[in-house]
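Okay, structure first, notes after.
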Amino acid sequence: MSTLANLLEQNRRWAEGIKAQDPTFFQTLAAQQAPKYLWIGCSDSRVPANQIVGLKPGEVFVHRNVANIVVHTDFNCLSVIQFAVEILKVEHVMVVGHYGCGGVSAAMESHELGLIDNWLRHIKDIYSKYEWQLAGLDEDRKLDRLCELNVIEQVRNVCHTTIVQQAWRNGQNLTVHGWVYSLEDGRIRDLGVDMDGETDLEPIYRTAVGTAEGTS
Ligand code: CO
């Protein structure tokens, strides 16, 4: 039987190291978490949220799935957003894609991969929407651009949720950001698509209540 003794040993050393620096670290954290950030990123093992932005345990709430997709009816992702925005009152949501994303790359091809093809359909929809912009690019640049466009579309999807719109309507300080991480140099590129209020949304996506109150 193989065990994960090496990981458990690493964990023991890690916990002891932290306690040596700050003896009350774990007790304080166990009592309460108050992160200011929600990270929605790819499951890719090379893109670990906390490490990339230098945040400690307790400082970032995280949701990851294949290709950082925010689907309107995905109750897993929506529940994370609701808890983060309404209970934890995070001030920033970052949708973080990465160049060379295997999920985005697979969506550009026609090989059958199984169940995940249904998930990747969402990226094919984005490809189809922006085909006019992608058509002239070489394959590498096309993949990079689709990774960026995917982030931009998912930022919109976050903003279109009733949760985020309600938060804005209640005057909550909340900004949604779109970032892309480069595996090659470890740097994050800000796509400059920040949204921090309902006026940033196309009217069709604003909720009816929001529109009525927005005009009063
Ligand atoms: Co990925």
Margin query: Pair Glu9, Arg12 - check salt bridge (charged side-chain N to carboxylate O under 4.0 Å, His left out), show working.
Written below: CA-CA 5 Å; Glu9 175 55 23; Arg12 190 185 61 74; 2.7 Å; yes

Next item on the list: Could you tell me whether Trp14 and Phe26 have their ring centroids closer than 6.0 angstrom?
Entry: yes

Note to self: Is any side-chain heavy atom of Tyr130 closer than 4.5 Å to one of Glu153?
What the structure shows: yes

Check: So, Asn170 and Gln166: side-chain donor and acceptor under 3.5 Å apart, yes or no?
Finding: no

Notebook entry, point to check: Got a salt bridge between Glu59 and Lys36, using NZ or NE/NH1/NH2 to carboxylate O under 4.0 Å?
Noted result: no

Margin query: What I want to find out is whether Arg187 reaches Asp185 closely enough, with some N-O distance under 4.0 Å, to be called a salt bridge.
Written below: no

Note to self: How long is the straight-line distance from CD of Gln32 back to CG of Leu88, given to the nearest 0.5 Å?
What the structure shows: 9.5 Å

Checklist line | Salt-bridge present (Lys142, Glu139; N to O < 4.0 Å) | finding: yes

Item checked: Crowding at CD, Glu184 (>12 non-hydrogen neighbours, <6.0 Å) -> no

Check: Taking everything shown except Gln21 itself, do over 12 heavy atoms lie less than 6.0 Å from its CD?
Finding: no

Margin query: How long is the straight-line distance from CE of Met108 back to CG of Leu120, given to the nearest 0.5 Å?
Written below: 12.5 Å

Next item on the list: Name all pairs fulfilling the ring pair (Phe, Tyr, Trp, His ring centres under 6.0 Å) condition that reach into residues 38-80, sequence neighbours left out, sorted by first residue then second.
Entry: Phe61-Phe83

Next item on the list: Give a yes or no on whether Glu112 atom CD has more than 12 heavy-atom contacts from other residues, nucleotides or ligands under 6.0 Å away.
Entry: no

Notebook entry, point to check: Looking at side-chain heavy atoms only, is the closest gap between Val95 and Val158 below 4.5 Å?
Noted result: yes

